[in-house]
Visitor: 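Pasting in a structure now, in structure tokens, and then I'll have a few things to ask.
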Number of protein chains: 2
Amino acid sequence: MAEEDSMIDIYSHLYWMRFAYQEAEKAFEEGEVPVGAVIVLNNRIIGKGHNLCETLQDATAHAEILAITAASASLKSWRLENAVLYVTLEPCPMCAGAMINARIHSVVYALEDPKAGACDSLFHLCEDPRLNHRVRVFSGYMREQVHSLMSAFFNQLRGRQPVQ
Amino acid sequence: MAEEDSMIDIYSHLYWMRFAYQEAEKAFEEGEVPVGAVIVLNNRIIGKGHNLCETLQDATAHAEILAITAASASLKSWRLENAVLYVTLEPCPMCAGAMINARIHSVVYALEDPKAGACDSLFHLCEDPRLNHRVRVFSGYMREQVHSLMSAFFNQLRGRQPVQ
């Protein structure tokens, strides 16, 4: 890859991750674990979502699942080939599995999840050669901002001020 | 376990699996890959679903996900502790992950899925000690009937009569 292409790619990932971050902020404001996702196809957001598990009282209402359902409605197709999913937190097994089922091309996440991450941390579901589709995995964009947002949420939950 | 308890357990699993099978038959009639699921709590079905991926054009619309969402609405809680999920086909990574997220107590499936099964065949997600919840796995109830239903569906799809 030429250096110029590589730089465009990095800036593009940062550009779209900001929208996923905005979704995470909405979750924060609604008292939900702040995770947000957007799905991009041909330089356009075709679906977005933020975690609504508490609001909807539904454990399947993760940001990625809601974004996939929205994108599928937008395309009128369950096949999201060539689409890229941007999400602030490393997807769990449910969401990694959903991305595979929906034929998502790539996932870009900001912050790793050592407790449930299924792309890199605990499992490598997205790139498992035994499944009928593989999702390419990229990570680390806006990691520090997402880490701060998550810390702020959990500190608030514990009734503590963030450590300065 | 006393022999009597064990027998009750087996008959109970068979009893509830029949309802999951009825859901699978609905999917078959609607031209969907025939997979059905019910969720049972305190000897009552609190949620059911059948595969609707083609009808809804949504790759997340597996029987198990729809059943979990229905059961959560029924209980007004995302926590499905002590509930048992009966499903005709071994859950995929998405559905195994959803059962973990929803704190399902046990899953009972009829037929293994060597291509995508995430409970026994390709992965053992349900009982992974690193995750924050474990789902007990039982299998094999009504296996032959489900195998026949699946074969009939895929033979029909390929325009062939079932092999006698």
Visitor: Going hydrophobic residue to hydrophobic residue with side-chain gaps under 4.5 angstrom, can you get from B:L89 over to B:I104?
Guide: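 In one cluster with B:L89: B:I104, yes.
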
Visitor: Could you look at B:A98 and say if it's the side chain, the backbone, both or neither that has a heavy atom under 4.5 Å from chain A?
Guide: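 For B:A98, backbone and side chain are both near chain A.
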
Visitor: Report whether B:M94 and B:V33 are members of the same hydrophobic cluster (ILVMFWY, side-chain heavy atoms less than 4.5 Å apart, transitive linking).
Guide: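 Per the 4.5 Å side-chain linkage, B:M94 and B:V33 are not co-clustered.
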
Visitor: Are there residues of residues 72-81 of chain B that reach to under 4.5 Å of chain A by heavy atoms, and which ones?
Guide: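 Hits under 4.5 Å: B:S72, B:K76, B:S77, B:W78.
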
Visitor: Within the supplied structure, the quantity of interest is the number of heavy atoms (other residues, nucleotides, ligands) at a distance under 6.0 Å from A:H133 NE2; does it exceed 12?
Guide: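 Yes, enclosed.
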
Visitor: When hydrophobic residues are tied together by side-chain contacts of less than 4.5 Å, even through go-betweens, does B:V87 share a cluster with B:M150?
Guide: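 As far as the 4.5 Å side-chain criterion goes, B:M150 and B:V87 are connected within one cluster.
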
Visitor: Any idea which of B:A71, B:C95, B:C92, B:A59 has the most non-hydrogen atom pairs under 4.5 angstrom with chain A?
Guide: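 That would be B:A59.
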
Visitor: With a 4.5 angstrom heavy-atom cut-off, is it the side chain or the backbone of A:A96 that approaches chain B, or both, or neither?
Guide: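 When you check distances to chain B, no heavy atom of A:A96 falls under 4.5 Å.
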
Visitor: Non-hydrogen contacts under 4.5 angstrom with chain B: give the residues of residues 37-56 of chain A involved, or none if there are none.
Guide: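 Those residues of residues 37-56 of chain A which have a heavy atom under 4.5 Å from chain B are A:C53, A:E54.
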
Visitor: Could you tell me which residues in residues 60-70 of chain A have at least one non-hydrogen atom under 4.5 Å from a non-hydrogen atom of chain B, sorted by residue number?
Guide: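 Result: A:T60, A:H62, A:I65, A:I68, A:T69.
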
Visitor: I need the contact set between residues 106-132 of chain B and chain A: heavy-atom distance under 4.5 Å, sorted by residue number.
Guide: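 If one takes a 4.5 Å heavy-atom cut-off, the residues of residues 106-132 of chain B near chain A are B:K115, B:A116, B:L122, B:F123, B:L125, B:D128, B:R130, B:L131.
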
Visitor: When you compare the side chain of B:I100 with that of A:P93, does any pair of heavy atoms fall below 4.5 Å?
Guide: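 Contact flag for A:P93/B:I100 side chains = no.
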
